[in-house]
Amino acid sequence: MKQVELLAPAGNMDCFYAAIHAGADAVYLGGNKYGARAFADNFSEEELCGAIRHAHIWGKKVYLTLNILMKEEELSDVKEYVLPYYLAGLDGVIVQDLGLFLMLQEWFPGLELHGSTQMTITSPEGARFLQNLGATRVVPARELSLQEMKAIKETGIEVECFIHGAMCYSYSGQCLCSSFLGGRSGNRGKCAGSCRLPYSINNEKNKCYPLSLKDMCTIELIPEILDAGINSLKIEGRMKSPEYVAGVVSIYRKYIDKYYNDEDTKVSQADLEKLSGLYLRSQRLDGYYTRHNGKEMITLEKPSYNGCSESYLKELQQQFLENRPKQKVNAIVNAKIEEPLQITYVYKQWEGTAVGNPVQAAKSRPMGETDIVKQIGKLGATSFQLEQCNCVIEGDIFIPNQELNQLRRKALEKLEVQIRGNIESERHACIKTKYQSDKNSCITEDQKHSESNQSTITEQKIFRNISISTEEKLFRVSVFSLEQLQWCLENASNYKLNRIYIDSHLFLEEKNFAYLVIYLQDLATRDCQLFIILPYIFRKKDSTKVDKLCQFAKQYTLGVLVNDWDTYAYLQEKGFNGEVAFNYSIYTWNQKSLDFWKEKAGSICSSLECNYHQLKQLQAENMEYVIYGRIPMMISTNCIKKTSDSCRNGNATIEDFYKDRYQKKLPVQVDCHFCYNRIFNSVPLSYHGSYEKLQTLPGNAFRLDFSEESILCMQEILDYYQQTRMGKKDITFPLADFTTGHLKKGAL
């Protein structure tokens with residue numbers, strides 16, 4: 001039976017060694033670029049390659065984190081960045097960006113690709129979709145129950161789940177809070193931890209921490225998790241200390257081993273106290289494994305790390321940090337006058353031999369066995385320690401120390417190669433073959449085209465970079481309430497609206513049916529398309545409601561707006577053949593990902609975190625841009641109603657629940673149909689000051705998202721944009737408070 005992998009974090013080399021020698025089976029870490037922990041120490045190229053080789057000598061694995069969204073100009077640099085790690089034997093890469101995923105698959109044959117939790121995979125359908133793209137493993141959203149993870153495991157893909165460490169309030173990959181409040185994007189590894197700040201609830205004067213989840217600790221659930229067949233147990237903490245890594249890994253290692261040895265897995269109080277002291281906020285909690293949400297998950301009082309006893313920290317330092325374990329090797333030295341010097345290191349069934357120059361006869365003081373062993377035993381920063389050395393010496397010999405040192409290094413290198421297997425030579429051959437294949441392909445393509453065709457290609461490349469839209473973009477809106485929908489339908493022709501996106505709750509609440517049917521039956525006489533906004537997060541429990549929404553779409557020839565991979569995968573498996581549009585949460589930061597998605601939908605919405613320059617580089621005729629609307633800062637399965645009061649099991653509403661440190665209100669959509677909250681920014685996004693500039697972007701539509709706006713407010717905003725579209729100048733935008741988002745600078 002294949003045993004579970006215990007996967008540990010490492011923010012630097014000390015943490016790496018702590019993880020390996022405390023009992024981790026694998027380590028995930030980041031280099032100096034493109035990782036979701038930009039503020040960790042991270043690894044230089046030399047350190048990371050050394051870590052890979054050291055891990056393989058101990059029979060461990062190393063996974064590189066490339067779990068951020070990639071800008072167009074960055075993709076060309078990633079190949080050179082990953083290449084040395086690939087050649088060193090890197091075991092896998094954890095990826096968020098689909099464009100990067102597809103390019104790594106093309107560039108690096110045999111390299112495992114793991115779908116990051118930043119991909120927000122929440123269902124078996126989403127996991128199968130990712131598996132069909134070539135992923136070997138998925139890290140599902142942390143919000144899933146153990147049963148949901150088990151269902152994903154049954155698809156055949158490997159499942160890696162978090163078992164310990166800090167928890168985000170929002171679904172990972174769906175949080176824009178840090179990005180829009182401070183310009184530091186969580187999708188770029190630079191989250192400022194906005195969920196750890198104080199907020200007031202329901203206009204109360206006293207502030208608390210309603211978005212700060214307690215840290216996860218599942219040590220008491222290890223038997224159930226292993227019974228579910230999870231492949232890899234992941235510890236969070238690339239920003240934390242070597243003592244944290246060593247302590248947490250060693251305790252989880254202890255109870256995992258107890259499980260496989262059929263020993264009692266009841267966790268001792270002493271071990272629970274040790275884990276509580278190792279940088280956990282307040283109390284321990286087992287995350288979402290056994291619950292959907294709850295007030296008990298929140299640290300309402302100021303979150304602070306528990307203290308840890310100095311004696312335990314010192315114990316960890318002595319056991320795992322100060323005396324770094326090494327593999328014991330034996331050495332054989334053959335030193336005979338006028339015969340080549342030969343040094344061999346032996347470890348288990350492997351050996352590495354280096355042969356040097358003929359041994360010289362000593363002119364004065366001959367070299368003895370002690371002298372040779374002294375040099376042979378200088379294994380320094382390597383992964384080895386000399387246990388014994390067998391010297392075969394004939395005659396009075398002399399060997400320069402320099403030569404002994406050189407042969408020692410060569411023999412050890414050959415031993416390491418033997419232990420690690422042929423992976424490095426195989427990958428060098430793969431890259432060489434791939435390079436030659438790509439080169440020949442380019443030559444063949446060049447030979448196919450005449451000079452005139454080459455001229456056309458050049459023009460197309462230039463056009464791609466400076467494309468300017470000459471047609472006025474269409475106007476589209478999204479609405480939340482029935483009143484907003486009715487008003488937009490009545491005024492669609494006045495504002496030349498060609499599409500209205502309708503929130504799903506209007507189709508799921510019976511009180512709306514009579515009105516909706518009238519609107520939908522009258523649709524044939526209108527030029528305006530109607531689309532149903534499907535859930536922002538899809539969970540398998542929601543499939544019946546999604547089926548109902550799709551039946552509405554089929555019956556009345558409506559389109560659907562898809563917000564996540566899982567919903568799209570579910571629709572594909574169900575054979576849905578209606579029109580599909582993708583929302584901004586289907587990320588397209590680069591042309592590679594955009595090319596993949598744009599062929600699968602009638603339209604696709606641009607990312608909210610890209611600046612004008614980045615958007616200008618991306619080509620898609622069916623692109624739409626949000627130019628007005630409240631931005632959803634977080635999507636959380638936790639519920640503010642349940643945290644502050646009690647679950648009401650109602651419908652969907654938008655209410656002002658929160659105030660931030662500056663007394664600004666943060667509206668919250670409480671959706672009881674799909675049981676999640678969407679927390680909006682305190683002010684709406686508006687690009688009214690850049691309207692003419694936005695007209696030069698590729699694509700065909702502008703979108704205005706309405707949530708809690710009154711009919712009068714909607715009318716004033718649409719009037720403004722209508723007049724701007726007609727070329728009127730010197731008109732005043734109706735709202736005093738707004739944000740221009742990332743259009744100028746972009747997310748860091």
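Note that the structure is a prediction, hence the values are computed from the model and not measured. Scope of the values below: all heavy atoms of this structure, side chains included, with no hydrogens, waters or symmetry mates.
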Practice item. Taking Asn261 for its side chain and Lys258 for its backbone only, find out whether a donor-acceptor pair lies under 3.5 Å. Key: no
Side chain Arg142, main chain Met167, donor-acceptor under 3.5 Å: no
Under 3.5 Å, side chain of Gln319 to main-chain N/O of Leu316, donor-acceptor pair present?
no
Contacts of Tyr252 meeting ring pair (Phe, Tyr, Trp, His ring centres under 6.0 Å) (sequence neighbours excluded), chain-then-number -> His164
Give the table of side-chain donor-acceptor pairs shorter than 3.5 Å for residues 216-227, with sequence neighbours excluded, one pair per line with atom names and distance.
from, atom 1, to, atom 2, distance (Å)
Thr218, OG1, Ile163, O, 2.8
Asp227, OD1, Tyr259, OH, 2.5

Across all chains, not counting sequence neighbours, the ring pair (Phe, Tyr, Trp, His ring centres under 6.0 Å) partners of Tyr81 are Tyr34, Tyr85
Quick note, side-chain hydrogen bond (donor to acceptor under 3.5 Å, both in side chains) partners involving residues 419-431, not counting sequence neighbours, are Glu416-Arg420, Arg420-Glu424
### Query
Between Lys266 and Asp271, is the closest basic N to carboxylate O distance under 4.0 Å?
no
Ser178 meets the side-chain hydrogen bond (donor to acceptor under 3.5 Å, both in side chains) criterion, sequence neighbours left out, with none
The side-chain hydrogen bond (donor to acceptor under 3.5 Å, both in side chains) partners of Thr344 (sequence neighbours excluded) come to Thr353
I'd like to know if the side chain of Thr117 reaches the main chain of Pro140, judged simply by a donor and an acceptor atom lying under 3.5 Å from each other, with no hydrogens or angles considered. yes
side-chain hydrogen bond (donor to acceptor under 3.5 Å, both in side chains) filter on Lys274, not counting sequence neighbours, yields none
Side chains of Ser593 and Phe101, heavy atoms from C-beta outward: is any pair under 4.5 Å? no
Sorted by chain and residue number, the salt bridge (charged side-chain N to carboxylate O under 4.0 Å, His left out) partners of Lys60 (sequence neighbours excluded) come out as none
| Tyr260 side chain vs Tyr255 backbone, donor-acceptor pair below 3.5 Å | no
For the pair Arg196 (side chain) and Leu213 (backbone), establish whether a donor and an acceptor sit closer than 3.5 Å, ignoring hydrogens and angles. yes
field: Side chain Arg128, main chain Thr155, donor-acceptor under 3.5 Å
entry: no
side-chain hydrogen bond (donor to acceptor under 3.5 Å, both in side chains) filter on Tyr587, not counting sequence neighbours, yields Asn187
- Main-chain N/O of Ile230 paired to Glu158 side chain as donor or acceptor, under 3.5 Å: no
In terms of side-chain heavy atoms, does Lys33 have a donor or acceptor partner in Asn42 at a distance below 3.5 Å? no
Just by modelled atom types, is the Met70 backbone N or O under 3.5 Å from a matching donor or acceptor in the Asp97 side chain? yes
The reported gap from CD in Gln96 to CZ in Arg188 (rounded to nearest 0.5 angstrom) is 10.0 Å
Those residues at least two apart in sequence (or on a different chain) that pass ring pair (Phe, Tyr, Trp, His ring centres under 6.0 Å) with Tyr86 are Phe108
Check: residues 326-337 side-chain donor-acceptor pairs under 3.5 Å, at least two apart:
from, atom 1, to, atom 2, distance (Å)
Lys326, NZ, Gly380, O, 2.2
Lys326, NZ, Thr382, O, 3.3
Gln327, OE1, Tyr347, OH, 3.2
Gln327, NE2, Tyr347, OH, 3.2

In short, side-chain hydrogen bond (donor to acceptor under 3.5 Å, both in side chains) pairs touching residues 1-26 with sequence neighbours left out are Glu5-Tyr63, Glu5-Arg137, Glu5-Ser232, Asn12-Asp41, His21-His54, Asp25-Arg253
**Message:** Taking Ile94's backbone N and O only, do any of them form a donor-acceptor pair with Asn67's side chain (distance below 3.5 Å, no angle check)?
**Reply:** no
For Asp371 and Arg365: C-alpha separation, side-chain torsions, deciding distance, then whether salt bridge (Lys or Arg N to Asp or Glu O under 4.0 Å) applies.
CA-CA 12 Å; Asp371 301 314; Arg365 178 182 175 274; 3.4 Å; yes
